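The structure displayed is predicted, hence computed values, not measured ones.
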Amino acid sequence: MATFVTWLSLERLLQSPEPTDKLLQLPRVMFWWTLAILLISLGLSKLELRENGFCFLYTFIPWRRISAYRWEVSQPDVWTIQLKRRLSLISEVINIKVPRGTRDEIERIASTYVSNQ
């Protein structure tokens with residue numbers, strides 16, 4: 001999509017004699033390339049379990065923030081994590097789809113650090 005918008009913007013820039021049209025095309029191109037980079041980087045983000053917590057979608061969550069976790073019955077490769085409330089009244093829940101075959105390893109590590117209540 002970003003490539004297509006860039007191509008369209010270049011076509012308009014080459015055909016338009018007005019300098020203001022050229023300035024209006026730049027934010028549109030920047031938006032689509034930023035969105036493309038964001039989506040690619042989110043797609044490349046992996047679940048990383050560490051000694052002090054885990055990283056997912058470029059966010060570090062310490063083990064002490066997890067109040068409980070479970071595996072979804074209908075989807076055995078989805079790890080649902082209940083986070084302890086900070087200041088809000090809304091509880092935070094994260095659903096993470098894990099690669100097949102890693103469930104036992106994740107369970108072993110999580111059970112070491114989280115007292116699942």
Could you tell me which residues satisfy side chain to side chain contact (heavy atoms under 4.5 Å, CB included) with [X], sequence neighbours excluded, listed by chain and number?
X	value
Leu35	Phe31, Trp32, Leu39
Thr34	none
Glu51	Tyr113
Asp104	none

Val98 reachable from Ile66 in the ILVMFWY side-chain graph, under 4.5 Å edges:
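Yes, Ile66 connects to Val98 through the hydrophobic network.
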hydrophobic_cluster_shared for Phe56 and Ile106, side chain cutoff 4.5 Å
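Yes, same cluster.
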Which residue pairs satisfy the salt bridge (charged side-chain N to carboxylate O under 4.0 Å, His left out) criterion with at least one member in residues 53-67, sequence neighbours excluded?
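Counting only pairs at least two positions apart or across chains, the salt bridge (charged side-chain N to carboxylate O under 4.0 Å, His left out) contacts touching residues 53-67 are Arg65-Glu92.
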With sequence neighbours left out, what residues match Lys84 under salt bridge (charged side-chain N to carboxylate O under 4.0 Å, His left out)?
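Lys84 satisfies salt bridge (charged side-chain N to carboxylate O under 4.0 Å, His left out) with no residue once adjacent residues are dropped.
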Classify the ring geometry of Trp71 against Trp79: parallel below 30°, tilted from 30° to 60°, perpendicular beyond 60°.
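Geometry flag for Trp79 against Trp71: parallel rings.
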Kindly give the heavy-atom pair with the smallest separation between Cys55 and Phe60, and that separation in Å.
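It is SG-CD1, 3.8 Å.
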Testing the basics here: between Val73 and Pro76, what is the closest heavy-atom pair and its distance to 0.1 Å?
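So the two residues come closest at O-CD, 4.2 Å.
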Find out whether [X] and [Y] are in side-chain contact, i.e. whether some heavy atom of one side chain is under 4.5 Å from a heavy atom of the other.
X	Y	answer
Ile61	Ile81	no
Asn95	Lys97	no
Trp63	Leu49	yes

Side chain to side chain contact (heavy atoms under 4.5 Å, CB included), that's the test. Do Ile109 and Phe54 meet it? Break it down for me.
CA-CA 10 Å; Ile109 293 170; Phe54 68 93; over 6 Å; no
Output yes when Arg103 and Glu105 qualify as a salt bridge under the 4.0 Å nitrogen-oxygen rule, no when they do not.
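No, this pair does not count.
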What's the spacing between Leu47 CG and Leu57 CG if we round to 0.5 Å?
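These two atoms lie 9.5 Å from each other.
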